[in-house]
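Data block below; observations after.
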Protein chains: 2
Amino acid sequence: MSVAELDDPAGESTTPRPAVTRRAQRREQQTARILDAAKKCFVRSGFQGASMQEICNEAGMSPGALYRYFPSKESIIEAISEAQQQQDAEMLSAMLDNPSVIDGFVEASMAHIRKVHEHGTAALFTEVRAEAMRNEMVRTGCERSMHQVRDALRNYFQKALDRGDIRPRVDLDTLLTVMMALGEGLILNDLPSQGVPMEKIETLMRSAAISNLRPRGYEEQKIG
Amino acid sequence: MSVAELDDPAGESTTPRPAVTRRAQRREQQTARILDAAKKCFVRSGFQGASMQEICNEAGMSPGALYRYFPSKESIIEAISEAQQQQDAEMLSAMLDNPSVIDGFVEASMAHIRKVHEHGTAALFTEVRAEAMRNEMVRTGCERSMHQVRDALRNYFQKALDRGDIRPRVDLDTLLTVMMALGEGLILNDLPSQGVPMEKIETLMRSAAISNLRPRGYEEQKIG
DNA sequence: CCAAAAAGAGCGAACGTTCACTCTCGAATT
DNA sequence: AATTCGAGAGTGAACGTTCGCTCTTTTTGG
C-alpha cells in the first residue's frame, strides 16, 4: 500500500497492471534495505558480533521477513564484502586512464582514501580483511577483487614501462605487491580521521611513487 | 607432586618450604598456558568466533579452572592484544639504535615483518585492529603501543634531522604517520606468505625510505 | 612436629541467555 | 483463486559464566 503510493509510475495503484515488475522491484528495494542495515550493524559490532536480531531491528523487519531475502547470516556477509570489494575495485580501475603514471596512480589512491573516509567504511574494510583470514568465501572474494585492481595496475604500469616512462628498481610483480600493501596501510589507518590533511598524504604518496617507479626526468625537478 | 618434582630449586620436595613462591609460580604457568591456547583459538576463529569451551579444550582445562585465572572472555582478549602490541612495540624501539637512519629503519621494519611471518601472527594482528574499532579497551592499548613506536621513531628521525642527515619533504608528524601506515600495510599483507622474497621487500622498503627521508648523498649513488 | 583447619586449584554439570534460524498463519498482491 | 509476503512466537543448540564439589597445598595451634 504505502510502497505502491510512493512509486507507482503511472498512478494506477489499485489496478494490478505493472505485472512482472512490481514484485521484483519491491524485492530489490528490500534486499538493499537489508544490506544497508547489515552494513551499519557490522560496522558497529563486527560480523560475528552483530546478531540477526540487531540487523532485523535496524532494517525494521522481522526475522521471518529477512529470511525470505537471505538464506543465512553468512550469505549477507558474503554479499556485503562482495559488494564492498567490487565497488572499490571498479572505482580504482576506472581512474587509471591518466597518461601521467605518477598522477594517475596518486589520484586513484587519493580518491580511494577520500571515499573510504567519507563513507566511514574503514571499519568495514578491516572487518572484511579479518574475516577473510578464516572464512573461505570471503577470502576468495577478497582475492578476486585484489587481483582485479592488481591487473589494472599492472596493465597501467606495463604500458608506461614499454613507453620507457618508468624504470622501477624491481620486477613488476614485486612492485605491484608492495604498492598495494602501502595503499592498504593508508586505507586501514584512515589518516584523514586522524587529522592528517589530504594534501600531505598526497605529497608523500607522490614521493613514494616517484621513488619506486622512477619516472623520466623526476630526479632533478623534485628531489634536487 | 609432579610440579614439585619438576621445579624445586633446593630439592626439598616433601617439606613445604618455598612457601610463597610455589603457588605464584604455578599461577604464572597456568596463566601463560591459557594465553597461549587463547591466542591459537583467536587466530583460528577470531575474538568473537572462538568460544570459551574451545579455549578450554586447547588449554586442556575445564571452564571452572580457567575462570580462576581470568574473570571474563573480554579480559583474555585485552591481555592478549595488550601483550601482542607491547611486544611488537618494544622490539621495534629496541632496533632503532643504528647510526645510519636508512639502515636502522629498514632493518627494524624487516625484522618486524619477518617475526610476524614466522609466528603466523598476521591474522591476530588483523583481528586486534578490527576489534580496536569497537572495543574501547583494545583500542586504547592499540593506540598506546602505536604511540610508543611513533615516539621511538620520532626521536630517531629527529636526531638525524638535527645532524642534517635527512631532509624530508614534509613535517615530521606527517612523515611518521605515513611511514607507519606503510609498515602496517606490509604486515597486514604478510608478503612472505604470498611468495615475495624478503630481499625484494627490503629493496622497495629501502627505496621508499630514501625517497621520503632523502638522506645526504643518496641521490647519485642509488638513483642515478 | 603434626593434626586440624583454611585456602586454593580443578572439574564438569548446570544456569540463564542469546544465537541463527523455522514455522504458522493471516494480510496483501496479482 | 493463487501466490507471495511478513510478523512474531518458537526451536534446539551454543554461548559465557557459575556452582557445588573433590583433591591438594599451605597455614595454624598446641
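Every chain is numbered from 1, with letters handed out A, B, ... down the list of sequences.
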Identify which nucleotide among [options] has an atom closest to any side-chain atom of [X], counting heavy atoms from C-beta outward.
X: A:Tyr67; options: C:dA20, D:dT26, D:dT3; result: C:dA20
X: A:Met61; options: C:dA13, D:dA7, C:dG10; result: D:dA7
X: A:Gln30; options: D:dG6, C:dC21, D:dT26; result: D:dG6

Classify [X] by what it touches in the nucleic acid, base, sugar-phosphate, or nothing, heavy-atom distance under 4.0 Å.
X: A:Phe70; result: nothing
X: B:Pro63; result: base
X: B:Ala50; result: sugar-phosphate

What residue among B:Gln53, B:Lys39, B:Arg44 forms side-chain hydrogen bond (donor to acceptor under 3.5 Å, both in side chains) with B:Glu58? B:Arg44

What is the separation between atom CD1 on B:Ile34 and atom C1' on C:dG10, rounded to the nearest whole Å?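 It is 11 Å, rounded to the nearest whole Å.
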
Take atom CZ of A:Arg68 and atom C1' of D:dT4, then tell me their distance rounded to the nearest Å. 6 Å

A:Glu202 bridged to A:Arg114 by N-O distance under 4.0 Å: no

With under 30° as parallel and over 60° as perpendicular, where do the rings of A:Phe105 and A:Phe157 fit, or are they tilted in between?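 Geometry flag for A:Phe157 against A:Phe105: tilted rings.
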
Relative to the 5' end of DNA chain C, which residue comes earlier, B:Gly60 or A:Ser51, by the nucleotide with the nearest heavy atom? B:Gly60

Between A:Gln87 and A:His119, is there a side-chain heavy-atom distance shorter than 4.5 Å?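 No, their side chains stay 4.5 Å or more apart.
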
